[in-house]
Engineer: 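Take this structure, written in structure tokens, and hold onto it; I'll ask about it next.
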Amino acid sequence: MSRASLTQHFTSKLFRYTIAYPSGWTAVSGTKRWTEPAGDQPSVDVFQSPGKARFVAVSQPLPHGWSALRWEREVDQPGSLARCFPAPGKWKTVTVDGHQGGILGGDYGCFFTKAVVVANGRGYLFTGQASPTMDFSGPTIFDEALFDQMVASIHLTAA
């Protein structure tokens, strides 16, 4: 995909970030705190393309006494897809609003590309999905250039 024009802007007071997203996409705000990695609406913000692709964003305060590394290790369990969920030290690096994090997925068979970052006492997940289900009828990886653009537009807001 060529560079998209990120003309729409969204602020999530619940999950404490702002982001730009493409024109024609629909933003649906989460309405309750996120408590588990497999969460979906209403506990995540969803940016839905006119097609199947979507971008999902969420954050939560770090549990009392947890380090950033512990949160990163606990937030997504690898299960049988170790290629998609490597240990934090093996993640591809990403910078989100000046904070270093990692990328998970982004490979065929993973069905997602996810930026994970800890900042301001919160853990954040930003996930691109080519389809919200494991749909093999189209692309199985979220557009990398669009993912990078959206992540680069994120501003993490303080408590």
Side-chain angles (χ1 to χ4, degrees), residues 1-10 12 15-28 30 34 36-41 43-60 62 68-120 122-156:
M1 177 179 204
S2 60
R3 291 191 58 85
S5 179
L6 303 183
T7 59
Q8 304 300 306
H9 299 277
F10 177 86
S12 179
F15 300 124
R16 300 184 183 164
Y17 71 94
T18 62
I19 190 170
Y21 63 97
S23 177
W25 287 45
T26 304
V28 179
W34 175 66
E36 59 186 72
D40 211 339
Q41 266 292 331
S43 63
V44 298
D45 294 333
V46 176
F47 302 88
Q48 181 63 53
S49 75
K52 294 178 182 179
R54 70 180 190 164
F55 190 92
V56 179
V58 68
S59 77
Q60 65 182 183
L62 293 182
L69 183 59
R70 180 174 178 190
W71 186 85
E72 291 169 346
R73 285 182 177 156
E74 298 286 334
V75 72
D76 275 322
Q77 297 299 316
S80 62
L81 293 174
R83 175 173 49 91
C84 299
F85 298 95
K90 296 182 179 183
W91 294 351
K92 177 182 168 187
T93 60
V94 66
T95 301
V96 179
D97 194 21
H99 302 277
Q100 187 170 335
I103 298 283
L104 302 175
D107 195 2
Y108 290 98
C110 296
F111 295 96
F112 64 87
T113 303
K114 184 176 299 193
V116 180
V117 66
V118 174
N120 308 321
R122 298 182 72 83
Y124 294 84
L125 297 178
F126 300 99
T127 307
Q129 301 169 313
S131 172
T133 61
M134 291 186 191
D135 180 355
F136 293 98
S137 65
T140 58
I141 300 175
F142 190 85
D143 182 277
E144 184 178 359
L146 178 56
F147 183 83
D148 291 346
Q149 278 185 269
M150 291 179 73
V151 168
S153 80
I154 294 169
H155 174 68
L156 306 177

Engineer: May I have the step-by-step check of side-chain contact (heavy atoms from CB on, under 4.5 Å) for H99 and V118, ending in yes or no?
Structural biologist: CA-CA 7 Å; H99 302 277; V118 174; over 6 Å; no
Engineer: How long is the span from the CG atom in D143 to the OG atom in S49, to the nearest 0.5 Å?
Structural biologist: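 Reported value, rounded in 0.5 Å steps: 11.0 Å.
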Engineer: If you define the side chain from C-beta out and look only at heavy atoms, does anything of F47 sit under 4.5 Å from Q8?
Structural biologist: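 No - every pair of side-chain heavy atoms lies 4.5 Å or more apart.
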Engineer: What side-chain donor-acceptor pairs closer than 3.5 Å can you find for residues 17-26, not counting sequence neighbours?
Structural biologist:
unit_1	atom_1	unit_2	atom_2	d
Y17	OH	D45	OD2	2.7

Engineer: In terms of side-chain heavy atoms, does R122 have a donor or acceptor partner in S59 at a distance below 3.5 Å?
Structural biologist: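 Checked: R122/S59 side chains pair up, N/O donor to acceptor below 3.5 Å.
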Engineer: What is the minimum heavy-atom distance between F15 and A57, and which atoms define it?
Structural biologist: CD1-O, 4.1 Å
Engineer: First locate atom CZ of R16, then atom CG of N120, and finally report the distance between them rounded to the nearest 0.5 Å.
Structural biologist: 9.0 Å
Engineer: Using the test salt bridge (charged side-chain N to carboxylate O under 4.0 Å, His left out), find all partners of D107 that sit at least two apart in sequence or belong to another chain.
Structural biologist: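 Salt bridge (charged side-chain N to carboxylate O under 4.0 Å, His left out) check on D107 returns R83.
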Engineer: Which atom pair, heavy atoms only, marks the closest approach of Q100 to T93?
Structural biologist: NE2-CG2, 3.3 Å
Engineer: Keeping T95 on the side-chain end and G98 on the backbone end, is there a donor-acceptor pair under 3.5 Å?
Structural biologist: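 Such a contact is absent between T95 side chain and G98 backbone.
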Engineer: List for me each residue that meets side chain to side chain contact (heavy atoms under 4.5 Å, CB included) alongside T113, sequence neighbours excluded, and say none if there are none.
Structural biologist: I103, I141, F142, F147
Engineer: Restricting to side chain to side chain donor-acceptor pair (under 3.5 Å), what partner residues turn up for H155, sequence neighbours left out?
Structural biologist: D97
Engineer: Could you work out, with side chain to side chain contact (heavy atoms under 4.5 Å, CB included) as the rule, every residue matching E144, not counting sequence neighbours?
Structural biologist: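 Partners of E144 under the side chain to side chain contact (heavy atoms under 4.5 Å, CB included) test: K92, D148.
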Engineer: Does L69 have any side chain to side chain contact (heavy atoms under 4.5 Å, CB included) partners at least two apart in sequence or in another chain, and if so, which?
Structural biologist: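 Testing L69 for side chain to side chain contact (heavy atoms under 4.5 Å, CB included), a comparison that skips the adjacent residues, returns S67, E72, R73, P88.
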Engineer: Hey, are Q129 and R54 close enough side-chain-wise for a donor-acceptor pair under 3.5 Å?
Structural biologist: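 Side-chain D/A pair, R54 to Q129: present.
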Engineer: To the nearest 0.5 Å, how far apart are CZ in F10 and OG in S153?
Structural biologist: 12.0 Å
Engineer: Determine the minimum heavy-atom distance between W71 and V116, stating which atoms define it.
Structural biologist: CZ3-CG1, 3.7 Å
Engineer: Give me the one residue out of T127, V44, V46 that meets side-chain contact (heavy atoms from CB on, under 4.5 Å) with V58.
Structural biologist: V44
Engineer: V117 and V94: side-chain contact (heavy atoms from CB on, under 4.5 Å), yes or no, with the steps?
Structural biologist: CA-CA 8 Å; V117 66; V94 66; 5.8 Å; no
Engineer: Taking all heavy atoms of L62 and all of G123, pick out the closest pair and write down the distance.
Structural biologist: CD2-N, 4.0 Å
